[in-house]
Trainee: 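Starting off with a structure, shown below.
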Amino acid sequence: MTSDEILPGVIGRSEAVQSLAKKLEKIATADRPIFLNGPTGSGKELFARAIHELSGRKGPFVAVNCGAIPETLFESLLFGHERGAFTGADKAQDGFLAEAAGGTLFLDEIAELPLLQQTKLLRVLETGCYQRIGAQKEQKYTGRTLVATHADLRQRIEEKAFREDLFYRINTFEVSIPPLEARREDIPLLASAFAQSVPGITLSECALRYLQRASWPGNVRQLKSTVDRICILADDSYITASAIEAMQECQFDEKPLENVAKTAIALATGDKIRAMVDALVNEALATSKGNKTKAAEMLGVHRKVIERRCQRQSEVSPSLELS
């Protein structure tokens, strides 16, 4: 792993990702199914690959998008078939289960799996065996199964669209992948990494802060595609925030202050205004590594405002030290 990687192929410094990494490091070597849920574009396959790398398994990582395979072909592609098993089967062929031997089978968008195929997948997971279409003998399934979806499987169960017994079979460990909104401090790091795919391009600090403030409903996938376009379309190799703004590639929350206010009002604390001001000062000082002048610039206030808040906090908590 590189210095920026918190897991193989995964970069981030946010508390949300650090907490997730610790959990995955614990369960990666446990030979049990893992269910990854999270919004579209949050990087579920990336985390699945990281689990595979950490697991120490020698076989391949086989990724399957359940929503992209026609129902009539899924059984053949999953189990494989013998020659002559059906019209057009002119030769024997391995399925995904055989391809993942000794490795990891990642079933993405499992909520899209038809009920009939859910039943057959459940049997494989329960018995550890499967049978090629047209074959007489069973084969051993030696892969490890990871599944993912952005859908609410519990809601699908209530709607009778997903088998409850299969849900509990694949859900030995449930892992929630956070949306990009929950890990905003990772945006500059991610954007810088994505920009490296275009040689000679550098995103300025102001450009990274601009991207950090933008809205990313499509999560990491949207951020990557946007950074790719910006780097390719930019007129200069050193890209500034004004250059990105001119391209009109980013969207912003229309009511950011209103959303912050709603969050503050919901806080379980007494003086919510004081709590928010203290939180703003503390976050600015943390981001500026204790530099009060830079913190003041970030908040758009005079340095004395920061000093007064620090003085008040130190009086409340004498052990608190701010440089």
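One-based numbering along the sequence shown.
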Trainee: What's the spacing between R184 CZ and W216 CH2 if we round to 0.5 Å?
Mentor: 9.0 Å
Trainee: Should L208 and M298 be regarded as members of a common hydrophobic cluster, given that ILVMFWY residues are connected when their side-chain heavy atoms come within less than 4.5 Å of each other, either directly or indirectly?
Mentor: no
Trainee: Are side-chain N/O atoms of Q311 and E307 paired as donor and acceptor at under 3.5 Å?
Mentor: no
Trainee: Answer yes or no: is there a donor N or O on one side and an acceptor on the other, between the side chain of Q18 and the main chain of R13, under 3.5 Å?
Mentor: yes
Trainee: Sub-3.5 Å donor-acceptor pair from the side chain of E249 to the main-chain atoms of R229, do we have one?
Mentor: no
Trainee: Under the ring pair (Phe, Tyr, Trp, His ring centres under 6.0 Å) rule, collect the residues that match up with Y210, sequence neighbours excluded.
Mentor: F252
Trainee: With a 4.5 Å cut-off on side-chain heavy-atom distances among I, L, V, M, F, W and Y, is there a chain of contacts connecting I244 to F194?
Mentor: yes
Trainee: Which residue pairs satisfy the salt bridge (charged side-chain N to carboxylate O under 4.0 Å, His left out) criterion with at least one member in residues 39-48, sequence neighbours excluded?
Mentor: E45-R49
Trainee: Taking V198 as the starting point, is it possible to reach V220 by hopping between hydrophobic residues whose side chains are less than 4.5 Å apart?
Mentor: yes
Trainee: Specify the closest pair of heavy atoms between C310 and L285, including all atoms of both residues, with the distance to one decimal.
Mentor: SG-CD1, 3.7 Å
Trainee: Near E159 CD, under 6.0 Å, is it more than 12 heavy atoms from other residues, nucleotides or ligands?
Mentor: yes
Trainee: Which heavy-atom pair separates A191 from L223 by the least distance, and what is that distance?
Mentor: N-CD2, 4.4 Å
Trainee: Table please: side-chain donor-acceptor pairs of residues 231-243 below 3.5 Å, with sequence neighbours left out.
Mentor:
| unit_1 | atom_1 | unit_2 | atom_2 | d |
| --- | --- | --- | --- | --- |
| T240 | OG1 | S242 | OG | 2.9 |
| T240 | OG1 | A243 | N | 3.3 |

Trainee: Same hydrophobic cluster for L115 and L121, using side-chain heavy-atom links shorter than 4.5 Å among ILVMFWY?
Mentor: no
Trainee: Take E297 and R303, measure what side chain to side chain contact (heavy atoms under 4.5 Å, CB included) needs, and give me the verdict at the end.
Mentor: CA-CA 8 Å; E297 291 175 356; R303 176 188 165 94; over 6 Å; no
Trainee: Applying the side chain to side chain contact (heavy atoms under 4.5 Å, CB included) test to F47, which of L146, I34, L20, V175 qualifies?
Mentor: L20
Trainee: List for me each residue that meets side chain to side chain contact (heavy atoms under 4.5 Å, CB included) alongside A182, sequence neighbours excluded, and say none if there are none.
Mentor: P178, P179
Trainee: If every non-hydrogen atom of Q212 is compared with every non-hydrogen atom of P188, which pair is closest and at what distance?
Mentor: OE1-CG, 3.7 Å
Trainee: Show your working on salt bridge (Lys or Arg N to Asp or Glu O under 4.0 Å) between E174 and R154 and close with a plain yes or no.
Mentor: CA-CA 12 Å; E174 183 170 354; R154 292 175 176 82; 2.8 Å; yes
Trainee: Would you indicate whether the side-chain heavy atoms of Q222 and L180 approach each other to under 4.5 Å?
Mentor: no
Trainee: Quick one: do I27 and I170 end up in the same hydrophobic cluster if we chain Ile, Leu, Val, Met, Phe, Trp and Tyr together by side-chain heavy atoms under 4.5 Å apart?
Mentor: no
Trainee: Between R183 and E15, is there a donor-acceptor pair closer than 3.5 Å when you use the side chain of the first and the backbone of the second?
Mentor: no
Trainee: Can you check side chain to side chain contact (heavy atoms under 4.5 Å, CB included) on K22 and S19, steps first, answer last?
Mentor: CA-CA 5 Å; K22 290 178 182 178; S19 176; 5.9 Å; no
Trainee: Hey, are K224 and D228 close enough for a salt bridge, meaning a charged N less than 4.0 Å from a carboxylate O?
Mentor: yes
Trainee: Any chance you could measure T142, atom OG1, to D31, atom CG, to the nearest 0.5 Å?
Mentor: 9.5 Å
Trainee: Given 3.5 Å as the limit, does a donor-acceptor pair link the side chain of T104 with the main chain of A100, or not?
Mentor: no
Trainee: Any ring-ring contact (aromatic ring centres under 6.0 Å, His included) involving residues 271-306? Give me the pairs, sequence neighbours left out, ordered by first then second residue.
Mentor: none
Trainee: Determine whether a donor-acceptor pair (N or O, by modelled atom type, separation under 3.5 Å) exists between the side chain of N171 and the backbone of F167.
Mentor: no
Trainee: Please answer whether the main-chain N or O of R221 pairs with a side-chain N or O of N219 as donor and acceptor at a distance below 3.5 Å.
Mentor: no
Trainee: Quick one: list whatever passes side chain to side chain contact (heavy atoms under 4.5 Å, CB included) with L122, sequence neighbours left out.
Mentor: E126, R163, D165, L166, R169
Trainee: Side chain to side chain donor-acceptor pair (under 3.5 Å), that's the test. Do Y141 and T145 meet it? Break it down for me.
Mentor: CA-CA 10 Å; Y141 171 52; T145 307; 2.9 Å; yes
Trainee: To check you understand the geometry: which heavy-atom pair defines the closest contact between A135 and Q131, and what is its length?
Mentor: O-NE2, 2.6 Å
Trainee: Check whether any side-chain N or O of S192 sits under 3.5 Å from a backbone N or O of L189 as a donor-acceptor pair, and report yes or no.
Mentor: no
Trainee: Could E112 and R156 be called an ion pair, given the rule that one side-chain N must be under 4.0 Å from one carboxylate O?
Mentor: yes
Trainee: Nearest 0.5 Å, what's the CG-CD1 distance between D186 and I6?
Mentor: 8.0 Å
Trainee: Strictly distance-based, threshold 3.5 Å: is any side-chain N or O of N37 a donor or acceptor partner for the main-chain N or O of T149?
Mentor: no
Trainee: Short question: side chain of S76, backbone of L73 - any donor-acceptor pair under 3.5 Å?
Mentor: no
Trainee: Using every non-hydrogen atom in the two residues, find where E99 and D94 come nearest and quote the distance to one decimal.
Mentor: OE2-O, 4.1 Å
Trainee: Taking atom CD1 of I273 as the centre, report whether more than 12 heavy atoms of other residues, nucleotides or ligands fall under 6.0 Å from it.
Mentor: no
Trainee: Quick check: do F173 and L36 have side-chain heavy atoms less than 4.5 Å from each other?
Mentor: no
Trainee: Got a donor-acceptor contact below 3.5 angstrom from the Q117 side chain to the F74 backbone?
Mentor: no
Trainee: Does L113 reach the side chain of L107, with side-chain heavy atoms less than 4.5 Å apart?
Mentor: no
Trainee: Determine, step by step, whether S55 and R144 satisfy the side chain to side chain contact (heavy atoms under 4.5 Å, CB included) criterion, reporting the C-alpha distance in whole Å, the side-chain angles of both residues, the deciding distance to 0.1 Å, and the verdict.
Mentor: CA-CA 10 Å; S55 71; R144 194 240 191 114; 3.9 Å; yes
Trainee: Contact between L77 and V64 at the side-chain level, heavy atoms closer than 4.5 Å - yes or no?
Mentor: no
Trainee: When rounded to the nearest 0.5 angstrom, what distance separates CD in E138 from NZ in K140?
Mentor: 10.0 Å
Trainee: Does any non-hydrogen side-chain atom of L211 lie less than 4.5 Å from one of I230?
Mentor: yes
Trainee: With a 4.5 Å limit on heavy-atom distance, are the side chains of V124 and F79 in contact?
Mentor: yes
Trainee: Below 4.5 Å, heavy atoms only, C-beta onward: do V147 and P33 meet side chain to side chain?
Mentor: no
Trainee: May I ask you to check whether over 12 heavy atoms, not counting those of Q251, lie within 6.0 Å of atom CD?
Mentor: no
Trainee: Is the shortest side-chain heavy-atom distance between S14 and E185 below 4.5 Å?
Mentor: yes
Trainee: Rounded to the nearest 0.5 Å, what separates atom NZ in K91 from atom NE2 in H81?
Mentor: 8.5 Å
Trainee: Can you name the nearest heavy-atom pair linking L153 to F35, along with the distance?
Mentor: CD1-CZ, 3.7 Å
Trainee: Which of these, R123, K120, R132, sits in a salt bridge (Lys or Arg N to Asp or Glu O under 4.0 Å) with E75?
Mentor: K120
Trainee: How long is the span from the OG atom in S215 to the CD atom in E181, to the nearest 0.5 Å?
Mentor: 7.0 Å
